[in-house]
Amino acid sequence: MTNNIGNKEIMSSNLKRLMNERNLSQAELSRRLGFKTSTLGDWISGKSYPRIDKIEKMANYFNVEKSALIEPYKSQNNFYHEVIQIPLIGEIACGEPITAIENVETYMPAPAFTTPSGNNFYLRAKGDSMKPTINDKSLVLIHEQPAVEDGEIAAVLIDGDATLKRVKHQGKTVILMPDNNQYNPIVLTDDIDARILGKAVQVVNSL
């Protein structure tokens, strides 16, 4: 029982710290995660402890490992300084997973603390269709996932070529929107071979 109370207190402390770092209120975090405000409030106050799936969802939102929520903050010093190697994707081989060795141009270092858990890769932006958000030749960190929400920037594979665009849904239709109004949107019709590779989470080298 003592250990359970300790876990609740650790979770409470870490949640408060992460929310404070990002200037998030309880109501706003509840809205963004889709959790009941009262349930989230119990975790923040240390009254109860979330299930593992809820912990994982919060970790993904904050772009941290689950350990940043469930372990004492002082014990994570090495984690915050840990550097991991993330593949930079070049030409994409048809039929291969996006991070298959055939697609990897090189590996780039990234701090573990700011990298989402799960599969991640870098893409090098081509052209200026996403200016001023993403400039030509910028490195963009992509978190691999099959769908994104409206307004988020996704890496989309179209006929074997990866592009970065903002996603808009109109019913069952997906529209890829450029940030540069000099370019036209792309409507993904049934005759276009396209799929979302992942969500753009960070521009790391904007030129």
Side-chain angles (χ1 to χ4, degrees), residues 1-87 99 108-123 133-134 138-155 164 166-169 196-206:
M1 186 170 180
T2 303
N3 185 53
N4 191 38
I5 294 173
N7 288 341
K8 292 176 185 177
E9 291 173 344
I10 291 168
M11 174 64 65
S12 169
S13 176
N14 286 330
L15 269 176
K16 289 174 182 176
R17 174 177 51 80
L18 289 167
M19 290 169 65
N20 183 61
E21 289 174 355
R22 291 157 177 79
N23 196 29
L24 281 171
S25 67
Q26 179 179 321
E28 179 64 12
L29 182 60
S30 174
R31 184 187 68 80
R32 294 188 183 188
L33 292 174
F35 297 158
K36 289 183 179 179
T37 305
S38 58
T39 301
L40 181 62
D42 286 345
W43 301 339
I44 294 170
S45 64
K47 290 181 180 178
S48 63
Y49 192 81
R51 298 197 310 264
I52 187 64
D53 60 318
K54 305 302 183 185
I55 294 173
E56 185 169 358
K57 188 169 184 179
M58 288 189 288
N60 287 338
Y61 175 77
F62 285 117
N63 285 349
V64 298
E65 293 287 344
K66 291 191 290 291
S67 58
L69 285 164
I70 64 178
E71 295 180 6
Y73 179 68
K74 289 183 179 180
S75 71
Q76 298 174 37
N77 289 336
N78 290 335
F79 171 74
Y80 287 123
H81 292 91
E82 182 184 353
V83 174
I84 58 177
Q85 298 295 319
I86 297 178
T99 53
M108 306 289 295
F113 177 62
T114 59
T115 303
S117 58
N119 293 330
N120 302 281
F121 57 91
Y122 285 123
L123 282 179
T133 310
I134 303 173
S138 292
L139 291 180
V140 183
L141 180 63
I142 306 296
H143 177 60
E144 192 171 352
Q145 57 188 68
V148 300
E149 296 183 4
D150 264 0
E152 293 181 330
I153 297 174
L164 293 161
R166 205 171 291 276
V167 172
K168 180 180 180 181
H169 297 89
I196 291 176
L197 300 175
K199 173 184 172 181
V201 295
Q202 189 179 14
V203 181
V204 296
N205 186 25
S206 186

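If you're wondering where the values come from, they're calculated on a predicted model, not measured in any experiment.
Just one of Asp150, Thr133, Val148 meets the side-chain contact (heavy atoms from CB on, under 4.5 Å) condition when paired with Arg166; it is Thr133.
When all heavy atoms are compared, the tightest approach of Leu18 to Ala68 is CD1-O, 4.5 Å. Minimum heavy-atom separation, Ile196 to Pro146: CB-O, 3.6 Å. Residue Gly118 comes nearest to Asn120 through the heavy atom pair O-ND2, 3.1 Å, listed as atom of the first residue, atom of the second, then distance.
Other residues, nucleotides and ligands place more than 12 heavy atoms under 6.0 Å from the CD atom of Gln85.
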Audit row: Ile142, Lys199, side chain to side chain contact (heavy atoms under 4.5 Å, CB included) steps and yes/no
CA-CA 5 Å; Ile142 306 296; Lys199 173 184 172 181; 5.9 Å; no

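At least one side-chain heavy atom of Val167 sits less than 4.5 Å from a side-chain heavy atom of His169. Contact of the Ser12 side chain with the Lys16 side chain is registered, since non-hydrogen atoms from C-beta on lie closer than 4.5 Å. By the 4.5 Å heavy-atom criterion applied to side chains, Met19 and Ile44 are counted as neighbours. Residues Leu33 and Lys54 form no side-chain contact, since every pair of their non-hydrogen atoms from C-beta on lies 4.5 Å or further apart.
Of the possible polar contacts, none joining the Glu28 side chain to the Ser25 backbone as a donor-acceptor pair under 3.5 Å is found. With hydrogens and angles ignored, the 3.5 Å screen pairs a side-chain donor or acceptor of Asn14 with a backbone N or O of Glu71.
To the nearest 0.5 Å, atom CG of residue Asn119 and atom CD of residue Gln145 are 11.0 Å apart. Distance check, rounded to the nearest 0.5 Å: CZ of Arg31 to CG of Leu24 gives 10.0 Å. Atom-to-atom distance recorded for Leu29:CG and Trp43:CH2 is 9.5 Å, nearest 0.5 angstrom. A distance of 6.5 Å separates OH of Tyr122 from CD of Gln202, quoted to the nearest 0.5 Å. Atoms CD1 and CG, from Ile10 and Leu69 in turn, are 11.5 Å apart once rounded to the nearest 0.5 Å. A distance of 5.0 Å separates CG of Leu141 from CD1 of Ile86, quoted to the nearest 0.5 Å.
Scored by the side chain to side chain contact (heavy atoms under 4.5 Å, CB included) test, Thr37 finds Gln26, Ser30 as partners (sequence neighbours excluded).
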